[in-house]
Amino acid sequence: MKNNMINELKQMQQAAAELENKGYTVTIEPSPDSLPFDLGGYRPDLMAVKNGEGIIIEIKASLKRLPIQKYQDVADRVSSHSGWKFALITLDEPIGSVISVAEMKLPNREELREKLGDVETLVGMKMYSPALLSIWIQIESLLRIKVSTSNMLLNSLQPNRVINCLYSDGELSMSQFDKLKELMKLRNEVVHGFNVDVTEQQVRCGIALFNELIES
């Protein structure tokens, strides 16, 4: 328990430093009175503000045994204010990635459909690895749209956890779950420089999965 508290403090300090490097004004453990809106007495670990927008951040050792509904309520309150997001950071996640997700501006479904044309262009040029990365970006954005629609506390989590939670909540079928895991594994291998020969069929499977998800 003591080690977790020490590690959470280190994570908090690291997150504050990274946010300040991104131009945010950061307040550590802001009091409820110093928050720009009422969060029902809740006191976050960090508040980061930039250009009138901000991120309310909670840092925990892990997701295990957390009062999820409590943080869901906080997330709902925060997201009801334009330009504000809630992020839950755990010790096993890269802080930079979580912050990038929290800053993400999600496109709408029609914008995602339009971007399929870029994927088809890459396929036509036989650039299968870039095409795979492109379709994965569209799929991940779509999954995060589903998160927002389902009103779940997942907006700051990494893709693997988003997929797991959507599946657990019945938002994904077993087939979709398996296909997403397989596609994400291939995407990670490409991103991390493994010697992977991505095929047109694999990209086509990704496109088919995107079309299936966007209609569900």
Side-chain angles (χ1 to χ4, degrees), residues 1-108 111 137 140-166 168-169 171:
M1 182 68 70
K2 184 177 180 180
N3 285 340
N4 282 344
M5 292 178 64
I6 293 172
N7 289 332
E8 286 173 10
L9 178 59
K10 289 180 179 178
Q11 191 86 327
M12 186 192 308
Q13 293 169 338
Q14 184 180 344
E18 291 207 23
L19 286 160
E20 287 174 346
N21 287 337
K22 285 176 169 282
Y24 286 88
T25 298
V26 179
T27 304
I28 296 177
E29 297 183 336
S31 66
D33 291 341
S34 67
L35 296 172
F37 37 75
D38 179 28
L39 290 179
Y42 166 72
R43 186 175 187 178
D45 290 316
L46 296 172
M47 177 176 67
V49 183
K50 181 170 69 173
N51 299 329
E53 300 183 347
I55 309 172
I56 298 294
I57 299 171
E58 181 73 21
I59 296 175
K60 291 296 181 186
S62 74
L63 294 177
K64 294 179 181 177
R65 295 185 292 279
L66 280 185
I68 294 299
Q69 188 57 51
K70 169 188 173 181
Y71 293 118
Q72 178 61 65
D73 292 342
V74 172
D76 290 344
R77 284 177 181 245
V78 172
S79 63
S80 69
H81 298 274
S82 178
W84 283 82
K85 295 183 179 181
F86 178 78
L88 181 62
I89 298 178
T90 58
L91 300 182
D92 60 347
E93 291 182 304
I95 292 174
S97 297
V98 176
I99 293 173
S100 295
V101 170
E103 292 181 316
M104 185 184 296
K105 305 290 185 183
L106 288 177
N108 59 43
E111 289 172 330
I137 290 171
E140 184 179 339
S141 296
L142 182 56
L143 293 176
R144 294 191 184 282
I145 291 173
K146 285 181 173 290
V147 164
S148 301
T149 302
S150 301
N151 198 29
M152 291 184 290
L153 181 61
L154 297 174
N155 59 328
S156 65
L157 301 186
Q158 297 304 294
N160 188 52
R161 286 182 171 172
V162 172
I163 293 168
N164 290 343
C165 291
L166 284 172
S168 297
D169 281 19
E171 296 292 323

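Residue numbers count from 1 along this sequence. Because the structure is predicted, anything quoted here is derived from the model rather than measured.
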Handout entry: Pair Lys60-Glu58, salt bridge (Lys or Arg N to Asp or Glu O under 4.0 Å): steps then yes or no
Key = CA-CA 7 Å; Lys60 291 296 181 186; Glu58 181 73 21; 3.5 Å; yes
Exercise for the section: Tell me, with the steps shown, if Leu35 and Ile56 meet side chain to side chain contact (heavy atoms under 4.5 Å, CB included). Expected result: CA-CA 9 Å; Leu35 296 172; Ile56 298 294; 4.1 Å; yes
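Under a 3.5 Å cut-off, the side chain of Ser141 and the backbone N or O of Ile137 do form a donor-acceptor pair.
Interatomic distance, Ile163 CD1 to Lys146 NZ, rounded to the nearest 0.5 Å: 12.5 Å. The CD1 atom of Ile28 sits 8.0 Å away from the CG atom of Leu9 when rounded to the nearest 0.5 Å. Distance check, rounded to the nearest 0.5 Å: CD of Glu8 to CE of Met12 gives 7.5 Å. Rounding to the nearest 0.5 angstrom, the gap separating the OG atom in Ser31 from the CZ atom in Arg43 is 6.0 Å. Atoms CG and NZ, on Asp73 and Lys70 in that order, are 10.5 Å from each other to the nearest 0.5 Å. Leu88 CG to Ile57 CD1: the interatomic distance, rounded to the nearest 0.5 Å, is 10.5 Å.
In this view, Thr25 satisfies the side chain to side chain contact (heavy atoms under 4.5 Å, CB included) rule with no residue, not counting sequence neighbours. A search for side-chain hydrogen bond (donor to acceptor under 3.5 Å, both in side chains) contacts involving Glu111 returns nothing, not counting sequence neighbours. The salt bridge (Lys or Arg N to Asp or Glu O under 4.0 Å) test applied to Asp38 returns Arg77, not counting sequence neighbours. With sequence neighbours left out, the side chain to side chain contact (heavy atoms under 4.5 Å, CB included) criterion links Ser80 to no other residue.
Applying the ring pair (Phe, Tyr, Trp, His ring centres under 6.0 Å) test to pairs two or more places apart or on separate chains, those with a residue in residues 7-41 are Phe37-His81, Phe37-Trp84.
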Side-chain donor-acceptor contacts of residues 44-53 below 3.5 Å, not counting sequence neighbours, with atom names and distances?
unit_1	atom_1	unit_2	atom_2	d
Asp45	OD2	Ile59	N	2.7
Lys50	NZ	Lys22	O	2.9
Glu53	OE1	Lys105	NZ	3.2

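Using the six-membered ring where Trp is involved, Tyr71 and Tyr42 have ring planes that are perpendicular, over 60° apart on the 30 and 60° scheme.
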